[in-house]
Amino acid sequence: MAIENVEIVRRGYRAFRRGGVEGILQFLDPAIEWHMSAAFTSTPRVYYGHDGVREVFRFFNDRIDELGADPHEFIEAGDRVIVPVRMHGRLKETGEPVAYELVQVWTGRDGKAIKLVTYPDRRTAIGDPDLVAAIDRHAA
């Protein structure tokens, strides 16, 4: 199951690269919980379902052109997949390049992602003892 989850997450990033938010939806459970860090939404917020995911991307697309996601690695952690990722694009107001390094933790079940938790950085993500153990196993 863990390897299947890693492959689903990999395919989801590829689908996003090709088709944006609509491309990734096929890999997300219709009832997905998408947890956004306060680093992006001023307060932590949870979005629900495919419509919630579309709302997340509207938030970013209202501010950033050419939004992209470049995962650095995929770390298996049981039913979760830890993905340090670089989000990037151009600010709509100025055209200046912008990039954010963050950590996304995906939870999968039955061939779909059922939950995403976004952390602003590795330090925040490793506050979760289960994630620390998974990262340590991966580094060994």
Side-chain angles (χ1 to χ4, degrees):
M1 178 63 95
I3 291 172
E4 177 183 320
N5 287 336
V6 169
E7 185 54 30
I8 289 164
V9 172
R10 281 183 198 275
R11 289 173 32 210
Y13 280 99
R14 284 193 300 263
F16 174 72
R17 195 171 15 255
R18 287 188 308 269
V21 67
E22 295 303 318
I24 197 174
L25 290 179
Q26 66 184 310
F27 298 96
L28 308 180
D29 187 271
I32 188 168
E33 291 181 21
W34 191 291
H35 296 249
M36 287 298 295
S37 163
F40 301 105
T41 57
S42 72
T43 60
R45 181 155 177 214
V46 180
Y47 298 83
Y48 295 96
H50 287 180
D51 286 341
V53 173
R54 287 181 181 104
E55 186 178 344
V56 169
F57 282 95
R58 269 193 304 276
F59 170 83
F60 285 107
N61 288 328
D62 285 349
R63 293 156 180 78
I64 300 173
D65 281 327
E66 303 169 27
L67 182 64
D70 298 327
H72 299 301
E73 60 185 320
F74 298 86
I75 303 168
E76 178 271 317
D79 65 345
R80 294 186 287 180
V81 180
I82 304 163
V83 183
V85 62
R86 179 178 180 265
M87 301 294 293
H88 56 87
R90 296 194 168 279
L91 293 175
K92 283 197 178 213
E93 287 187 12
T94 65
E96 291 180 53
V98 63
Y100 307 97
E101 293 289 334
L102 51 102
V103 176
Q104 294 182 322
V105 179
W106 297 89
T107 303
R109 183 176 58 227
D110 299 328
K112 301 270 186 180
I114 62 168
K115 183 177 182 180
L116 169 71
V117 180
T118 301
Y119 296 93
D121 53 43
R122 283 181 187 250
R123 186 175 348 139
T124 306
I126 63 173
D128 180 332
D130 292 337
L131 297 182
V132 171
I135 291 170
D136 287 347
R137 281 193 310 273
H138 181 72

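Heavy-atom basis, side chains included; hydrogens, waters and symmetry copies ignored. Throughout, numbering of the chain's residues begins at 1 and tracks the sequence. Fair warning: this is a prediction, and the values are worked out from it, not measured in the lab.
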Counting only pairs under 3.5 Å, give me each side-chain donor-acceptor contact of residues 98-108, with atom names and distances, residues two or more places apart or in other chains.
unit_1 : atom_1 : unit_2 : atom_2 : d
Glu101 : OE1    : His72  : NE2    : 2.7
Gln104 : OE1    : Tyr13  : OH     : 2.3
Trp106 : NE1    : Tyr13  : OH     : 3.1

Less than 4.5 Å apart, side chain to side chain, heavy atoms only: is that true for His88 and Asp70?
yes
Nearest 0.5 angstrom please: Asp51 CG to Ile32 CD1, how far?
13.0 Å
In terms of hydrophobic clusters joined by side-chain contacts under 4.5 Å, are Val85 and Val56 together?
yes
To the closest 0.5 Å, what do you measure between CD (Glu33) and NZ (Lys115)?
5.5 Å
Could you tell me whether Glu76 and Arg10 have a side-chain N and a carboxylate O separated by less than 4.0 Å?
no
Counting distance only, does the side-chain N/O of Lys92 pair as donor-acceptor with the main-chain N or O of Asn61 below 3.5 Å?
yes
Just jot down the side-chain hydrogen bond (donor to acceptor under 3.5 Å, both in side chains) partners of Arg63, sequence neighbours excluded, or say none.
none
Ring centres under 6.0 Å, that's the criterion: do Tyr47 and Phe59 meet it?
no
Atom CZ in Arg80, atom CD1 in Ile114: separation rounded to 0.5 Å?
11.0 Å
Test item: Leu28 and His50 side chains (from C-beta on) under 4.5 Å apart, heavy atoms
yes
Quick check on the hydrophobic clustering: are Phe60 and Leu116 connected, directly or via other members, by side-chain heavy-atom contacts under 4.5 Å?
yes
Of the non-hydrogen atoms in Ile82 and Ala77, which two are nearest, and what is the gap between them?
CD1-CB, 4.0 Å
Between Ala69 and Pro71, what is the shortest heavy-atom contact and its length?
O-CD, 3.5 Å
List the steps, then state whether side-chain contact (heavy atoms from CB on, under 4.5 Å) holds for Met87 with Leu67.
CA-CA 7 Å; Met87 301 294 293; Leu67 182 64; 4.1 Å; yes
Looking at Pro120 and Ser37, what are the two nearest heavy atoms and their distance?
CD-OG, 3.4 Å
Is there a side-chain contact between Lys112 and Phe27, using heavy atoms and a 4.5 Å cut-off?
no
Rounded to the nearest 0.5 Å, the OH atom of Tyr119 sits from the CE atom of Met36 at a distance of 13.0 Å
I need the minimum non-hydrogen distance between Gly95 and Arg90, along with the two atoms involved.
O-NH1, 2.9 Å
